[in-house]
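Read the structure below first, then the notes.
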Amino acid sequence: MKRFILMILLHAIPFTLAHAAGDPKRGEVLFQRCASCHAVGPYASAGYGPQLNRIVGRRSASTTDYRYSEAMKKSGLVWNEKNLAAFLRAPHDVVPGTSMRFWGIKDEQQVADLLSYLKTL
Ligand code: HEC
């Protein structure tokens, strides 16, 4: 019985960790919510919003073909995972006055999935 419980635990732990870390495939599907405004990929350019290639680790308001809001230009953020996660949850709390019209994603797992997808860009 003890061995049985141990076996279950050993199987459950890596799964939980992978789950919390986010799934890029699910993130790619979720990115459809962003794609109406944001382009990604080799030919990406500014659209309604700035392109998001290599966004993880990028400075805020740093693409050259997009006219950012004053709020975004002054935010002085680096889009590390922590800042991105907070921005995706509540864009207007992190950058008050941003022109990104998006309510934010409340589901932690979805935020994690999106982040793991954004890391692949
Ligand atoms: C309705 C259009 C729209 C949607 C949907 C949208 N965004 Fe945006 N996003 C914008 C605009 C516009 C800006 C520029 C904001 C500014 O200048 O204040 C922006 C800015 C950003 C930035 C900062 C980029 C930089 O270069 O500093 C990130 C990161 C971002 N969006 C991620 C996302 C993600 C991820 C999603 C999907 C979950 C998303 N956005 C959904 C319009 C949108």
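None of the values given here were measured: they were computed from a predicted structure. Numbering of ligands and ligand atoms starts at 1, following listing order.
With sequence neighbours excluded, the residues satisfying side-chain contact (heavy atoms from CB on, under 4.5 Å) with Pro91 are Phe87, Thr98, Met100, Phe102.
Using a 4.5 Å heavy-atom threshold, the side chains of Gln110 and Arg26 count as separate. Residues Trp79 and Leu118 fail the side-chain proximity criterion, which asks for heavy atoms closer than 4.5 Å. Arg33 places none of its side-chain heavy atoms less than 4.5 Å from the side chain of His38. Side-chain contact between Val95 and Tyr68 is absent, with no heavy-atom pair separated by less than 4.5 Å.
When heavy-atom distances to ligand 1 are checked against 4.0 Å, the residues falling inside are Arg33, Cys34, Cys37, His38, Tyr48, Gly49, Pro50, Leu52, Ile55, Arg58, Ser60, Ala61, Tyr66, Tyr68, Ser69, Met72, Trp79, Leu84, Phe87, Leu88, Thr98, Ser99, Met100, Arg101, Phe102, Ile105, Leu114, ordered by chain and number.
No donor-acceptor distance shorter than 3.5 angstrom exists from the side chain of Asp113 to the backbone of Pro24, with no hydrogens or angles considered.
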